[in-house]
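Read the structure below first, then the notes.
Proteins get letters first, then strands, A, B, ... in listed order; numbering begins at 1 in each. The shown structure was predicted, so the numbers you read here are calculated from the model rather than taken from an experiment.
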Amino acid sequence: MTWTLKLVNRQPMKEKLGLLVQHALKSGVAAGHLRPTEIPLSIALETPRIAAHGDYSTNVAMTMAATQKRAPREVARIIIDHIDDSGHLLSKTEVAGPGFINFFITQEKWYEVLKTIHDEYEAYGACQIGLGKRVQIEFVSANPTGPLHVGHGRCAAVGDTLAAILEAAGYQVEKEYYVNDSGRQIHTLGRSVFLRCRQILGDAIEFPADFYQGDYIEDLARLLVDREGAHLPDMDEEEAVGICARFAAEEILSGIRKDLEAFGVSFDRWFSEQALYDSEAVRSVIQDLKSRDIIYEHEGALWFRTQDFGDEKDRVVVRANGQTTYFASDIAYHKDKFERKFDRIIDIWGADHHGYIPRVSASIQAMGYDEKQCRIILVQLVNLLRGGSPVAMSTRAGEFVTLRQVVDEVGRDAARFLFLLRHYDSPLDFDLELAKKESNENPVYYVQYVHARISNIIKKAEERGYKHMCWHDDFTDLIKLPEEIQLIKLMARYPEVVAQSALLMEPHRIPFYLKELAAAFHAYYHDRNKHMVVSDDAGLSAARLFLVSAIRIIISTGLTLMGVSAPETM
RNA sequence: GCGCCCAUAGCUCAGUGGAUAGAGCGCCGGACUACGAAUCCGUAGGUCGGGUGUUCGAAUCACCCUGGGCGCACCA
């Protein structure tokens, strides 16, 4: 009994209200006051911009007006009349404008939010909309032919945070990195390293322009020469190149792992492309599709009929020279993903790969899977700036700023926060100087500062003997300034933000919310005449400590979702 | 040429088909003898690129145009 009651109390405000409206609709139909047309499954509730329009409002009466064959305001009136608010959630309900229903929540109910935050602590904001469904999310998946650059960093931040958000929303999430450890580019890597080895050992040979150019190739060559000795050039060339390739790919991949680790990103599984060849998975899926005439032969190559599934042209799977393309292993890879029975598959790619989508989607359909289960998120590119002017980068010449360099220079927190601050759909200007600034131009510290400030207040309070952080019923008389209620209302929105981020798969909503909460706190904090938290008034101090420490909980859990630290001092 | 993404304040960007479109930065002017000034308060700033349509209602949806980014390989 008490358990159920507690559970209901813990429901986010919006959910409680949604249920109330839904029951009203049902009882309106039961009473014959509403036509038994379909009742919306979820009630669209929004927080109006203008406070006079209530804490929440719904347009349900307007959307139902046509099928109800009544004026929207009339429908709204009927709904209101059937609301059974036995829990005294509402202080006022009104019909407004063209047919909105505006809800005003009883002030007492807001205090429950405060209690819930303390009860649930870091679990506050989590929900079960995911119903335990299994989601696989694959991201970064950069080729082990060079270090990660800033663009990969953005994908890493988006993927890792999205995974955390989905987990908080009740999904079972598996994070995966697909390692392209096979094929031509690995071979080229091997040849590049091999050539550098020979150069180091004294061969005066030219280094072709289509080989990997970066200094790291030379570093790897030096390392390999030290380890293997000087006999490398005397071996059979293909064998030597193979040794170089394996060595370089392993070294680079382990560097990538370390860089990601330093960036706070971890994976549940590293999936090897080569394994798909070793297990014959690629061969067998090609065979299968060939027998169904989805793959056909033309001019010595094998082609996939992607055009039949909406692509603009058919695509090559096996080239005339017998080499498979990336597409071939990607078909097998996605087949493998579907065979692992995830309810949902998410691929996060750099936006420059968007031309690849119709191809992959075609292959999923051709294999008989539902392509809607696989969602491909394209993360737009990053423009790296320093003090407002672009940083020259050329991947081909091997001159680019790596993720590691950025993290070393600006710090992991700033990098992650700024990567997540934009919708992934919009290109990101990342300014290294701005990222380092400890000022109001940099939103990272703005949010973290809230955590540090509140931590400091709590420390001060403890020094003065305020020990126990728990709810007292007289807090309702002590926390009643409009700006305090406003803060609580803002905190009540956090679970909605998490749920929305999960549903729309949009991590940027978290930092935007945190900025808003931070701004509200800073403003509150600053008026020391009115809002001094720790004072000689023991009751008031306890109440305000309860209030601000709830803010700290949300700041901390929000930052944790983003992989950003919540420091107690700065 | 074709395809995908984008266009909102001077700049960088939010915005769930709803009511009067928001924030940060920058500009200008203010605020520390009390819990951290990495902060706060105030002023100004808009044809939501343009057009047509759908809708009771459009920054949001559809179509066209303009402008920008990216991609159009038997590359990855």
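The aromatic ring of A:Y525 does not sit over the base of B:U39, since the test of centres under 5.5 Å and planes under 30° is not met. Residue A:H53 and nucleotide B:A19 are classified as a stacked aromatic pair, their ring centres being separated by less than 5.5 Å at an interplanar angle below 30°. Residue A:F100 and nucleotide B:A19 are classified as a stacked aromatic pair, their ring centres being separated by less than 5.5 Å at an interplanar angle below 30°.
Here A:E484 pairs with A:R544 in a salt bridge; the nearest charged N to carboxylate O distance falls below 4.0 Å.
Glycosidic conformation at B:C32 (O4'-C1'-N9-C4 for purines, O4'-C1'-N1-C2 for pyrimidines): syn, within 90° of 0.
As judged by a 4.0 angstrom heavy-atom cut-off over every strand, A:R528 is placed among the base-contacting residues. A:Y445 comes within contact range of at least one nucleobase, with a heavy-atom separation under 4.0 Å. Backbone-only contact: A:Q185 has heavy atoms under 4.0 Å from sugar-phosphate atoms and none from a base. Within the 4.0 angstrom heavy-atom criterion, only backbone atoms of the sugar-phosphate kind lie near A:P427; the bases stay farther away.
Both distances falling under 3.5 Å, in either a Watson-Crick or a G-U wobble arrangement, place B:C56 opposite B:G18. In this structure, B:C35 forms no base pair with any nucleotide, since neither Watson-Crick nor G-U wobble geometry is met with both distances under 3.5 Å.
Side chain A:T325 to base B:A73: no donor-acceptor pair is found below 3.5 Å.
For the pair A:Y356 and B:A73, the criterion of a side-chain N or O lying under 4.0 Å from OP1 or OP2 is not met.
Results of the side-chain contact (heavy atoms from CB on, under 4.5 Å) test with A:M562 over A:L514, A:D413, A:V444 single out A:L514 as the only residue that passes.
A:S57 places no side-chain N or O within 3.5 Å of a backbone atom of A:G54 that could act as its donor or acceptor partner.
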